[in-house]
Amino acid sequence: MPPASAAASAIIGALFSAPPRMVKTQLLGLLRAALASVAPEQRDLEIVLERPRQAAHGDYATNLALQLAHPLRANPREIARHLVRELGSSPLLAKAEVAGAGFINLFLSPDATRQVVSQVLEAGRDFGRNNLGAGRKVQVEFVSANPTGPLHVGHGRGAALGASLAQVLAFTGHAVTREYYINDAGRQMDILALSTWLRYLELHDVWVPFPSNAYQGGYVIDMAHQIRDAHGPRYVHPAPAVLAGVPDAATAPEAHLDALIANAKDLLGEDYRYIHSHALTEQLADCRDDLVEFGVHFDVWFSERSLFDTALVQRCLERLERAGQLYTQDGAQWFRSTAFGDEKDRVVQRENGEYTYFASDIAYHLNKYERGFDRIIDVWGADHHGYIPRVKCAVRALGLDDTKLEVALVQFAVLYRDGQKTSMSTRAGEYVTLRELRNEVGNDAARFFYVLRKSDQHLDFDLDLAKSESTDNPVYYVQYGHARVCSVLAQWGGDARTLAGTDLAALSGERELGLCARLADFADVVEAAARDYSPHLVAHYLKDLAAEFHSFYNAERILVDDPALRQARLALVAGVRQVLRNGLRLLGVSAPESM
RNA sequence: CUGCCCGUAGCUCAAUUGGAUAGAGCACCAGCCUUCUAAGCUGGGGGUUACAGGUUCGAUCCCUGUCGGGCAGGCCA
């Protein structure tokens, strides 16, 4: 991990300072100056500048006067009038007026509205980028599924959200580390190893009843074949030995499984580790391939087992011990989480000496803090929400700042086909895998649909809609907008890069200026998406931008005879294409040149 | 029983985090192809934001209660 460097931040900062400032930023500067003049003691007040819902209320509006009314003990409309007077005249503004209870409505000059097109074309792929994060180190940990089988559609949503969120954060000046936590130390991995071995024994006509709570999937049989092909009968043991002293499966299924695992370890000795590691390696590779095909990449694959190998779990518990936050009861070791506001104390080491998942999780979070992240984002399934308080308690007990740790919850996705829910039972091993979903609807539709909803909302995933090549399908709708611009530019035949310096004065129609305003909004959308961990805002924005473009395209011809108007419109649609591209890239969706 | 999340048009969802007259897409109705991709566009109807109070200049958003739905509450992960 390279050290967080001020130098790197400075370089990044310099990159961003090059393009001219956005109109909104310039307006904020004007308002700040007016504020300092009207109410010097309130000069540091946060100024909110927003897009009014209605066109009659201008391009931007601010409630600044309303905010000042209380501290100044004055009539908000009166304050607003003072502020407007101080704003004076600016080439940016066509008009500034006081409205309603004391809003200030700002109407941009056409020049001010149009200049965004030049900014888009000059900034190119960097348009929308900002330095909100100022180079701060952020870790996004997501997916982190147990490598005990293929990823399913629930993991897919976490993958899509985490990847998009990481992109958005990187785009807003954060130094992002994408991380996958591998649960390679627990009982679930032992169950997978056992399952593989039992299938392997079956291939050698050693028949041990396959437990219903072991892993049923066909991939387990595949691994058994691989092991047999590579090593023949080396790991075969007779069924009576495998079943020696094993309690009844029907009455004690979990104890049955644990006893089988214990026998496997005894009989196989060192060879058990081979089977265990073969299964882990295979499943992890499958998982990684799946994610790579999905366009989801990780910087760090963090092994749970390494927390034990480096004795971090032990050191972590010793640290809690010294702080007086551990005690022993009923043979187990407990963390006094109630002292930090949790509902009940939690076990960290079981009576049988095994550490709980919680213990390694505390250690993992300690490790995250020790790596110096300014912010740590855990993306979890919403069913883990009850787990948040105890982890935060543990972090506090270690003397760390728990406000650095944020958990983004992802609700389940429910698949619909022909208007019917598709079953997704994890038990029988017949759940829908991410790979099946990707094969059916394609990576682009999957990525887009997954982030179309706020992540903490349930997602109804309409498979038929995702597959349809029609206007109803938002992915196709947005991508088609991009392809359409490409088609127009191809028809024109010129070099799109030469459009950056185009004179835009001919853009004067309502639709044209409306599109310009929409392009300018991209910067705000990106910022909001980063601030609220809400990539869905980008998806919605792209739908809106595409709709506005299609509407414009339908109403006006771009390749008109008048050279000045033609060039200006070409520059405008080239700007639309660039912003569509940038937005789609944040979501991991391709921007096709033709469809 | 307790805690967390949610409840917005017939359906799926937004709403710049407390702003002005709550918006899109489906579906429904009526239109638009001699034109750069009709894989598109235009117009229309549709709402007591679950319900009842409260906080203030202003509430879908914050607080309280009720009703309804989801998820959690292991020495499981």
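Here the structure is a predicted model, which is why all the values come from computation and not from measurement.
Along RNA chain B, the nucleotide closest to A/L49 and the one closest to A/F552 are compared, and the more 5′ of them pairs with A/L49. Both A/P52 and A/I104 lie close to RNA chain B; mapped to their nearest nucleotides by heavy-atom distance, the more 5′-ward contact belongs to A/P52.
The aromatic ring centres of A/Y355 and A/F308 sit less than 6.0 Å apart. Between A/Y364 and A/Y181, the ring centre distance stays below 6.0 Å. A/F522 and A/Y541 have their aromatic ring centers within a separation under 6.0 angstrom.
Nucleotide B/U16 holds its C1' atom 12 Å from the CZ atom of A/R518, rounded to whole Å.
The backbone N or O of A/A547 sits nowhere less than 3.5 Å from a side-chain atom of A/S551 that would complete a donor-acceptor pair.
The A/L66 side chain lies nearest to B/G19 when the options are B/G19, B/C4, B/A14.
Here, B/G43 and B/U56 have their P atoms 42 Å apart, quoted to the whole Å. B/C63 sits 15 Å from B/G19 when the P atoms are compared, rounded to a whole Å. Here, B/A20 and B/G69 have their P atoms 33 Å apart, quoted to the whole Å. For the C1' atoms, the distance from B/C41 to B/C57 is 43 Å, rounded to whole Å. Spacing of P atoms, B/G7 relative to B/U49, comes out at 14 Å, to the nearest Å.
Using a 4.0 Å cut-off, some side-chain N or O of A/K454 falls inside it from OP1 or OP2 of B/A15. Here A/Y476 does not reach the OP1 or OP2 of B/G25: none of its side-chain N or O atoms lies under 4.0 Å away. Not one side-chain nitrogen or oxygen of A/R51 sits closer than 4.0 Å to the OP1 or OP2 atom of B/U16. Taking side-chain N and O atoms only, A/R484 has a distance below 4.0 Å to OP1 or OP2 of B/A38. For A/H536 and B/A15, the shortest distance from a side-chain N or O to OP1 or OP2 is below 4.0 Å.
A/A56 and A/F107 get closest at one heavy-atom pair: O-CZ, 3.4 Å.
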Problem - Dot-bracket notation for RNA chain B, counting Watson-Crick and G-U pairs under 3.5 Å, with | for partners on another strand - result: (((((((..((((.....[...)))).(((((.......))))).....(((((..]....))))))))))))....
Exercise for the section: Kindly determine whether A/N183 and A/Q188 satisfy side chain to side chain donor-acceptor pair (under 3.5 Å), including the steps that lead there. Expected result: CA-CA 8 Å; A/N183 289 109; A/Q188 295 305 317; over 6 Å; no
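Relative orientation of the A/H540 and A/H536 rings is perpendicular, given thresholds of 30° and 60° on the angle between their planes.
Residue contacts shown for A/H540 are limited to sugar-phosphate atoms, with no base heavy atom under 4.0 Å away. Among the heavy atoms of the strands lying under 4.0 Å from A/Q54 is at least one base atom, whether or not backbone atoms are also near. Backbone-only engagement by A/S551 is indicated by non-hydrogen atom pairs under 4.0 Å involving sugar-phosphate atoms exclusively. Within 4.0 Å (heavy atoms only), A/A483 reaches at least one base atom of the nucleic acid.
Residue A/H57 and nucleotide B/A20 are classified as a stacked aromatic pair, their ring centres being separated by less than 5.5 Å at an interplanar angle below 30°. In this pair, A/F103 does not lay its aromatic ring on the base of B/G19; centres under 5.5 Å and planes under 30 degrees do not both hold.
Annotated as anti: B/U34, whose glycosidic dihedral deviates from 0 by more than 90°.
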What pairs of nitrogen or oxygen atoms, one from the protein and one from nucleotides 73-77 of chain B, lie under 3.5 Å apart?
| residue | atom | partner | partner atom | Å |
| --- | --- | --- | --- | --- |
| B/C75 | OP2 | A/K344 | NZ | 3.4 |
| B/C75 | O2 | A/E351 | N | 3.0 |
| B/C75 | N4 | A/D330 | O | 2.8 |
| B/C76 | OP2 | A/R350 | NH1 | 2.1 |
| B/A77 | OP2 | A/Y357 | N | 3.3 |
| B/A77 | O2' | A/N146 | ND2 | 3.0 |

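Put simply, the side chain of A/D544 and the base of B/A14 share no donor and acceptor less than 3.5 Å apart. Evaluation of atom-type donor-acceptor distances gives no pair under 3.5 Å for the side chain of A/D521 against the base of B/U16.
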Counting only pairs under 3.5 Å, give me each side-chain donor-acceptor contact of residues 47-55 of chain A, with atom names and distances, residues two or more places apart or in other chains.
| residue | atom | partner | partner atom | Å |
| --- | --- | --- | --- | --- |
| A/R51 | NE | A/D521 | OD1 | 2.8 |
| A/R51 | NH1 | A/D59 | O | 3.1 |
| A/R51 | NH2 | A/Y60 | OH | 3.2 |
| A/R51 | NH2 | A/A517 | O | 3.2 |
| A/R51 | NH2 | A/D521 | OD1 | 3.2 |

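A side chain to side chain donor-acceptor pair (under 3.5 Å) with A/H482 is found for exactly one of A/R577, A/Q578, A/R581, namely A/R581.
Note on A/E556 versus A/R511: no salt bridge recorded, every NZ/NE/NH1/NH2 to OD/OE distance being 4.0 Å or above. A salt bridge links A/K368 with A/E141: the distance from a Lys NZ or Arg NE/NH1/NH2 to an Asp or Glu carboxylate oxygen falls below 4.0 Å.
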